[in-house]
Amino acid sequence: MEIENALPKTFDSEGAENKWYDVWLKNQCFKPRSGKQNKTFTVLMPPPNVTGKLHMGHALDATTQDALIRYKRMKGFETLWIPGTDHAGISTQSVVEKLVWKQEKKTRHDLGRDEFVRRVWEWKEQYGNEIVNQQMKMGVSADWDYATFTLDEIPNKAVKKFFVMLFNEGLIYQSDYIVNWDPSLQSAISDAEVEHKEVKGFFYHLKYLVKEEPGTELIVATTRPETIYGDTAVAVNPNDERFKDLIGKTAIIPICNREVPIIGDEHVDMEKGTGCLKVTPGHDFNDFEIGKRNSLAIINILNKDGTFNTNAPEIKGMKPKDARAEVERILIELDKLVEKKEHIHPVGHGERSDEIIEPMISKQWFLKTTEMADDAVRAVENGEMTFYPKGWENTYFSWLRNPKDWCISRQLWWGHQIPVYYCKNCNAKWAAEETPDECIECKGSDLFQDPDVLDTWFSSGLWPLSTLGWPDENAMKAKGFKKFYPNSTLVTGFDIIFFWVARMMMMGMKVTNKAPFRDVYIHAIVRDKQGRKMSKSLGNGIDPLELIKQYGADAMRFTLAAGSGYNRDLNLDPERIEGYRNFVNKLWNAFRFIHPYLEKAKEDLPTKSEWHLHDNWILAELNTVAKKMNESMDLYRYDEACSEIYQFVYEKFCSWYIELSKNILYGQDEKAKVIRATMLKFCFRKIVILLHPITPFITEEIWAHLEDGKSLLIGQEYVEFDPALGNADVQILMNKFIEVTSGVRNIRSSVNLKPKDEIDVRLFTDDPKLAKFLYDSRHFLKDLANVKSGTIRKKASSRPKKSASLATSHTEIFIPLEGLIDINEQINRIKKDMEKTQSEYKKVEAKINNANFMQNAPTEVVTEVREKAQGFMDKLASLNEILSSFQ
RNA sequence: GGGCGUUUAGCUCAGCUGGGAGAGCGCUACCCUUACAAGGUAGAUGUCGGGGGUUCAAACCCCUCAACGCCCACCA
């Protein structure tokens, strides 16, 4: 027979998700509102790329931040979560380039810059918000009115203002310098965007002649023979006895027969290769430095697309791979190739394009970061900003303590164009925030702007400022810059500590002298079950939207939160999501149980004198959980918070408190019914409040039933520790009761009693408080273990013979079943337990007998050990009694 | 080459400033008991990577070795 229940048996996650997100939006629940803390709490969302599709990394980002934001909001902080999207220069440009090519067979050059940029904007308007809609699916409670796009007017102003400021300070300069050139993008990229990969290549040993000493040959080792066209020296270590005498003489480069000096330079490693290094200052970072030290000429042998130019006549127009083969052929023909052997070496690849990076000289804009990096380091050293977990500060330091000038110009069209202007008439060059009409020098009007755009991270670095309106005063006022800057916590992944965190620190401090945030919580990287990175090529990616569809957003959020602590990897096993989906459903069904009794429940708790011991207990447990959850959330230990509430809901609340409530709710005592219904409702309120930051949808749904739709959960006060609710005595007694109940069930199971078989139980304990508790709870024992009758006596009393039995440290349990059970099996069971207890007792006994322990250990520990020893002794005595009852 | 991290039950992981080895999933047995079979009850499972050391006491602190992973630097 099933009780009629208005609620469905399983929780409808999709329905709740759609319903509540709209309600929250309509009620402006995500807007900052001053609360009892009288403080603000600001989080800046790492802006996803407009080209992005939601992946598990975003899902984790969203979950950890949203849980934090909801938690702080409920704690009474004036809470602001600022969302936004990033224009993602390279990636967006190439998406649109490909699209234009596919649809019209035109390149961006065919369209021209203005038209192409217009097309990108068009694309952005149409598709760039997809990821935002996906974030909403997960319950992201950001204030969308603050949503900012990195190319919006304010960020653009910020970029210009900052650029001009630093340009005028002399921190931004233009220089011919060797940069990482990406031939497929035909743009420079920064050091941080280069990824080194192990590549199988060859080590070539080449023969160079020495002009002054006919007959002497130098053997030069190289992995790139095709670059000999750019060689302007041969270098040896000045301390190398083998070649000392050759320094100052002249080497003749094979094929092109150029004469170059033989120089001595400390950089050359005598052990590596042959000890002779060909120097190509135009296409190698180290060689560039050697060239500077020795005033060597620089020869550029590459075109922008990575093919060879006329400086390398034999391989002109070829790509590096073909060129190498051709050069190798010629070398063999000229008998200059001495040796060629396999060699695995790291080669730089473009992070986005995955193309081999060619070091090349070109004119680029650089930002001197030395001082800014210093300040950024100091802010963490002196605690103005703190990393959670702390270990990540090492990564941060290692980058910022060894700062290199940052190449900020990109040869792209999509992005913030560099605000530098040139006069065609007098060659003047200056930076300006507003587009100038005339030359600052000659007043001429034939001007043009630098065609390059800025590195995407340049605008991202200003994100904490520009999202709050900087540098526009009206916008700053409207957005509350003063109130919300600096931000409270930044949540992000460790992969962008250099790219983003370090740059925001440098730039934010440069402008405001304050670190842009107090805490940086670095979350894990989501990997597959086996710990592999999720990637398209492996096909092991998990789509968060699929998970939401299948298990619900709450279950996915709980899974991600439960996996987020101070770990650096989060290996996601889909089975875990199923487990937490079950948890969400468990909560739903617990609520279904109390739902019919809600009408009986009073608004306020009854006076304490009317509380049942079980009420006392559950409130004390709930209180403990609230305390731990607050502590965990404050330290970004989502994993701990989740495990606390999970444990409480499943074990304490559902398995015991609800089970213990059935007797009352199904009974005739109307007053007791009202009290229990009130208690259950009270507990449920607290539970959904505690859970709401992690699983917002189901909790809001339940809240609507609890409160009859009169209020929204999202705006409720979080549960804090309440010293008045603590009750250690009851918790101890209840734990003993649970132990006894489980003991009875254990015995039942060991003698294969069916659940329907009623039993008689004899309990023996010398603890009078416990005896009373057990007596008061006798009806409950009946419900929980189908006990028909029983007695509670002191241990001095005689035991029933040949019973199925069990002992705890405080109580002996006998179920008289003489003749129905296998005596030997029972005896064996008891003996096994004795052995186990004996060995445990021995451990503590050894401590007690150890004078050093008694002397040195803290008194609490000694007391604890003594109590344990007593417990084991009592249990052993009981087990002995049981054994003798079989005689 | 420099640095960081990981190694605990079959799997994924907790275990905080040292004080009787934990959770979830999986597994075994029994059970459709009136919230829930996406469930209940009971149960089994560990040389805490190896070796030293400090300590009355080590999964935890120190040294060392090993395996795996990540970051940085480096196209001889």
Side-chain angles (χ1 to χ4, degrees), chain A residues 1-3 5 7 9-11 196 199 201 203-205 220-224 227 235 268-269 272-279 283-287 343 345-348 356-357 359 391-392 394-395 398-399 402 494-495 497-498 525 529 531 551 562-563 565-573 575-576 578-596 635 637 639-640 643 646-647 654-655 658-659 662 666 742 745-750 752-756 783-786 840 843-844 847 850-858 860-862 864-865 868 872:
Chain A
M1 176 183 77
E2 186 151 330
I3 290 185
N5 201 317
L7 302 175
K9 232 174 173 177
T10 50
F11 173 59
H196 287 272
V199 166
F203 226 144
Y204 298 85
H205 288 191
V220 171
T222 181
T223 54
R224 304 190 64 192
T227 63
V268 180
D269 185 340
K272 218 165 173 181
T274 57
C276 282
L277 177 69
K278 64 189 266 308
V279 185
H283 298 284
D284 183 284
F285 288 93
N286 289 312
D287 293 5
H343 177 58
H345 59 124
V347 176
I356 291 179
I357 295 307
W392 287 114
N394 292 323
T395 304
S398 75
W399 171 262
N402 182 23
F494 66 77
D495 48 336
I497 288 177
F498 305 144
I525 298 278
K529 190 184 164 181
Y551 300 107
Y566 289 172
N567 44 335
R568 53 172 70 194
D569 295 316
L570 199 171
N571 296 354
L572 192 65
D573 182 351
E575 277 189 358
R576 285 197 74 159
E578 198 182 321
Y580 290 125
R581 188 270 318 262
N582 295 352
F583 170 71
V584 168
N585 196 49
K586 181 82 179 175
L587 183 74
W588 178 250
N589 275 292
F591 179 67
R592 265 182 92 230
F593 169 74
I594 73 161
H595 186 246
L635 291 171
R637 288 302 306 261
D639 53 341
E640 284 181 352
S643 120
Y646 183 100
Q647 223 49 248
C654 290
S655 291
I658 286 189
E659 291 306 322
K662 287 178 177 171
Y666 297 163
S742 300
R745 287 167 171 173
N746 181 324
I747 298 172
R748 295 184 60 109
S749 160
S750 80
N752 292 321
L753 283 170
K754 301 284 172 206
K756 279 177 189 149
D783 297 331
L784 296 174
N786 203 8
E840 275 170 356
K843 279 188 216 160
V844 283
K847 286 190 177 180
N850 182 340
N852 282 323
F853 170 77
M854 297 303 275
Q855 210 176 336
N856 294 324
E860 314 93 72
V861 175
V862 172
E864 209 179 301
V865 168
K868 273 175 203 161
F872 290 139

Using atom [atom1] of [X] as one end and atom [atom2] of [N] as the other, report the distance to the nearest whole Å.
X      : N     : atom1 : atom2 : answer
A:N786 : B:U33 : CG    : P     : 13 Å
A:Y580 : B:G24 : OH    : P     : 9 Å
A:W588 : B:C36 : CH2   : C1'   : 12 Å
A:R745 : B:G40 : CZ    : P     : 11 Å
A:L570 : B:U6  : CG    : C1'   : 15 Å
A:M854 : B:A57 : CE    : C1'   : 14 Å
A:N394 : B:U6  : CG    : P     : 12 Å
A:L7   : B:U34 : CG    : P     : 18 Å

Would you indicate what [X] reaches in the nucleic acid, counting non-hydrogen atoms under 4.0 angstrom: base, sugar-phosphate, or nothing?
X      : result
A:S742 : sugar-phosphate
A:V584 : nothing
A:F591 : nothing
A:D569 : nothing
A:I357 : base
A:H343 : sugar-phosphate
A:V861 : base
A:F583 : nothing
A:T222 : sugar-phosphate
A:R637 : sugar-phosphate

Legend entry - Gap between atom OG of A:S742 and atom CZ of A:R748 - 0.5 Å precision: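 If we round to the nearest 0.5 Å, A:R748:CZ and A:S742:OG are 13.0 Å apart.
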
Legend entry - Nearest-0.5 Å distance, OG1 of residue A:T222 to NE2 of residue A:H205: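 If we round to the nearest 0.5 Å, A:T222:OG1 and A:H205:NE2 are 9.5 Å apart.
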
Legend entry - Nucleotide forming a Watson-Crick or wobble pair with B:C70, both distances under 3.5 Å: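 For B:C70, the partner nucleotide comes out as B:G3, under the 3.5 Å rule.
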
Legend entry - Base partner of B:G39, which must satisfy Watson-Crick or wobble distances under 3.5 Å: B:C31

[X] side chain, from C-beta outward: closest of [options]:
X      : options             : answer
A:S749 : B:C31, B:A42, B:C36 : B:A42
A:N571 : B:C36, B:C13, B:C71 : B:C13
A:R592 : B:C75, B:A35, B:G24 : B:A35
A:N567 : B:G19, B:A14, B:A35 : B:A14
A:N746 : B:U12, B:A42, B:C74 : B:A42
A:P359 : B:C30, B:C75, B:G40 : B:C75
A:I356 : B:A38, B:A35, B:C75 : B:C75
A:P755 : B:C71, B:G19, B:C31 : B:C31
A:Q647 : B:C30, B:G69, B:A23 : B:A23
A:N850 : B:G19, B:C56, B:C75 : B:C56

Legend entry - A:Y551-A:Y580 aromatic ring centre distance below 6.0 Å: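 No, the ring centres sit 6.0 Å or more apart.
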
Legend entry - Residue-phosphate contact under 4.0 Å: A:S655 side-chain N/O, B:U41 OP1/OP2: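 Yes, because at least one side-chain N or O of A:S655 sits under 4.0 Å from OP1 or OP2 of B:U41.
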
Legend entry - B:G5 to B:C74 separation - C1' atoms, rounded to the nearest Å: 23 Å

Inset, instruction - Determine the Euclidean distance between corresponding C1' atoms of B:A66 and B:G50; express it in Å to zero decimal places. - result: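 Comparing C1' positions in B:G50 and B:A66 gives a spacing of 7 Å.
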
Legend entry - Any donor-acceptor N/O pair under 3.5 Å between B:A35 base and A:E659 side chain: yes

Inset, instruction - Classify the side chain of A:K9 versus the base of B:C36 as yes if they form a donor-acceptor pair under 3.5 Å and no if they do not. - result: no

